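All values derive from a computational prediction rather than experimental measurement. Residue numbering restarts at 1 for every chain, and letters A, B, ... go by the order of the sequence lines.
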Amino acid sequence: MKLWLMKSEPDVFSIQDLARDRTTTWEGVRNYQARNFMRDDMKVGDLVLYYHSNADPSGVAGVARVAKLAYPDPTQFDPKSEYYDEGSPKDDPRWLMVDVEFVEAFDEVVSLDRLKSDKALDGMLVIKKGQRLSVQPVEKKHFARVLKLAGAKTKL
DNA sequence: GCCAACGTTGGC
DNA sequence: GCCAACGTTGGC
């Protein structure tokens, strides 16, 4: 099983929204590197750190799980969608998404500050300056450490 | 709201 | 293929 971190702005869709809905489609990824991770490496059952970006505070807010393998993101073909991509071929869709299901919401967000100050998380992608990838792999030791910092119920 | 960092676009 | 201009992300 691989481990991931996925970013979402809580004003748009938070871990609490996911807790309510139980599952969601992860539409709107428009970055090739992020798409490739979803397409090539994500498997059903993979665990995901659910990261709140542009938040107060920003940080890891809970855990989710990949519920469906990558498949074409329909919003790329919808002219009314903010994610519309005129250049995406119908017979070879450029953008993919996965489905994600709720696992756990942390009592308290593990803030970016906390992540940065923890020696055990040295090298974790999300704390690197200028790191904008919205879907990124997480090392097992880092994932486990975040769970510990959060006092999470989820175990690896 | 500002702006640094990064990705994409398009002229050449 | 280079790189300047532009758009986006996301912390602050």
Side-chain angles (χ1 to χ4, degrees), chain A residues 2-21 24-42 46-66 70-100 102-139 141-143 145-152:
Chain A
K2 291 208 165 71
L3 300 166
W4 305 97
L5 179 145
M6 296 172 86
K7 297 179 183 175
S8 179
E9 300 194 20
D11 291 349
V12 177
F13 199 82
S14 69
I15 189 74
Q16 287 75 26
D17 293 326
L18 184 60
R20 178 196 63 213
D21 296 350
T24 191
T25 55
W26 207 266
E27 74 272 7
V29 172
R30 295 294 180 269
N31 170 285
Y32 288 103
Q33 209 181 341
R35 179 205 65 184
N36 293 348
F37 280 132
M38 292 197 294
R39 181 188 65 193
D40 302 334
D41 296 318
M42 266 194 183
D46 285 359
L47 289 177
V48 177
L49 293 175
Y50 197 106
Y51 183 89
H52 283 176
S53 61
N54 277 318
D56 186 22
S58 291
V60 180
V63 180
R65 186 187 294 115
V66 177
Y71 61 106
D73 177 347
T75 63
Q76 70 195 301
F77 300 124
D78 177 3
K80 292 187 294 295
S81 169
E82 60 174 315
Y83 301 124
Y84 180 56
D85 181 356
E86 192 179 14
S88 180
K90 279 259 174 22
D91 55 354
D92 184 21
R94 183 176 289 169
W95 304 114
L96 304 174
M97 63 185 190
V98 294
D99 289 357
V100 157
F102 177 76
V103 174
E104 174 177 6
F106 297 155
D107 295 334
E108 206 173 334
V109 170
V110 182
S111 70
L112 183 58
D113 271 355
R114 184 94 171 83
L115 298 175
K116 282 178 174 170
S117 66
D118 194 298
K119 204 78 174 68
L121 294 177
D122 277 359
M124 192 178 180
L125 285 178
V126 73
I127 61 179
K128 276 177 57 179
K129 188 176 177 182
Q131 179 54 262
R132 308 191 312 182
L133 255 190
S134 63
V135 178
Q136 51 184 259
V138 177
E139 292 177 44
K141 63 180 179 185
H142 291 155
F143 202 106
R145 179 65 179 164
V146 173
L147 291 180
K148 181 161 192 180
L149 291 176

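DNA chain B is contacted by no residue of residues 54-61 of chain A, taking any non-hydrogen atom closer than 4.0 Å. Near DNA chain C, defined here as any heavy-atom distance below 4.0 Å, the residues from residues 106-127 of chain A are A/Leu112, A/Lys116, listed numerically. Across residues 70-91 of chain A, not one residue has a non-hydrogen atom less than 4.0 Å from an atom of DNA chain C.
In this structure, a donor-acceptor pair under 3.5 Å is present between the side chains of A/Asp17 and A/Ser14. Of the N and O atoms on the side chains of A/Tyr83 and A/Asp78, not one donor lies less than 3.5 Å from an acceptor on the other residue.
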N/O donor-acceptor pairs under 3.5 Å from side chains in residues 125-138 of chain A, not counting sequence neighbours:
| from | atom 1 | to | atom 2 | distance (Å) |
| --- | --- | --- | --- | --- |
| A/Gln131 | OE1 | A/Leu133 | N | 2.9 |
| A/Gln136 | OE1 | A/Val126 | N | 3.0 |
| A/Gln136 | NE2 | A/Leu133 | O | 3.0 |

- Test ring pair (Phe, Tyr, Trp, His ring centres under 6.0 Å) applied to A/Trp26 and A/Phe37, step by step: CA-CA 13 Å; A/Trp26 207 266; A/Phe37 280 132; over 10 Å; no
Practice problem: Applying side chain to side chain donor-acceptor pair (under 3.5 Å), run through A/Gln76 and A/Ser88 and close with a yes or a no. | Solution: CA-CA 7 Å; A/Gln76 70 195 301; A/Ser88 180; 2.7 Å; yes
Note to self: I'd like to know whether A/Val146 forms a side chain to side chain contact (heavy atoms under 4.5 Å, CB included) with A/Leu115, so could you lay out the CA-CA distance, the side-chain angles of the two residues, the decisive distance to 0.1 Å, and finally the verdict.
What the structure shows: CA-CA 8 Å; A/Val146 173; A/Leu115 298 175; 4.0 Å; yes
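Atom-to-atom distance recorded for A/Arg114:CZ and A/Glu108:CD is 9.5 Å, nearest 0.5 angstrom.
Separation of the A/Trp95 and A/Tyr32 ring centroids falls under the 6.0 Å cut-off.
Scanning for salt bridge (Lys or Arg N to Asp or Glu O under 4.0 Å) contacts around A/Lys2 gives an empty result, with sequence neighbours left out.
Taking both residues in full, the closest heavy atoms of A/Pro10 and A/Ser53 are given as CD-O, 3.1 Å, listed atom of the first, atom of the second, then distance. Here the closest non-hydrogen pair linking A/Gly28 and A/Asp73 is N-OD2, 2.8 Å.
Counting heavy-atom neighbours within 6.0 Å of A/Glu9 CD, excluding the residue itself, gives a total above 12.
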B/S/- along nucleotides 2-9 of chain B (protein heavy atoms under 4.0 Å) is ---BBSS-
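Nucleotide C/dG10 holds its C1' atom 12 Å from the CD atom of A/Gln136, rounded to whole Å.
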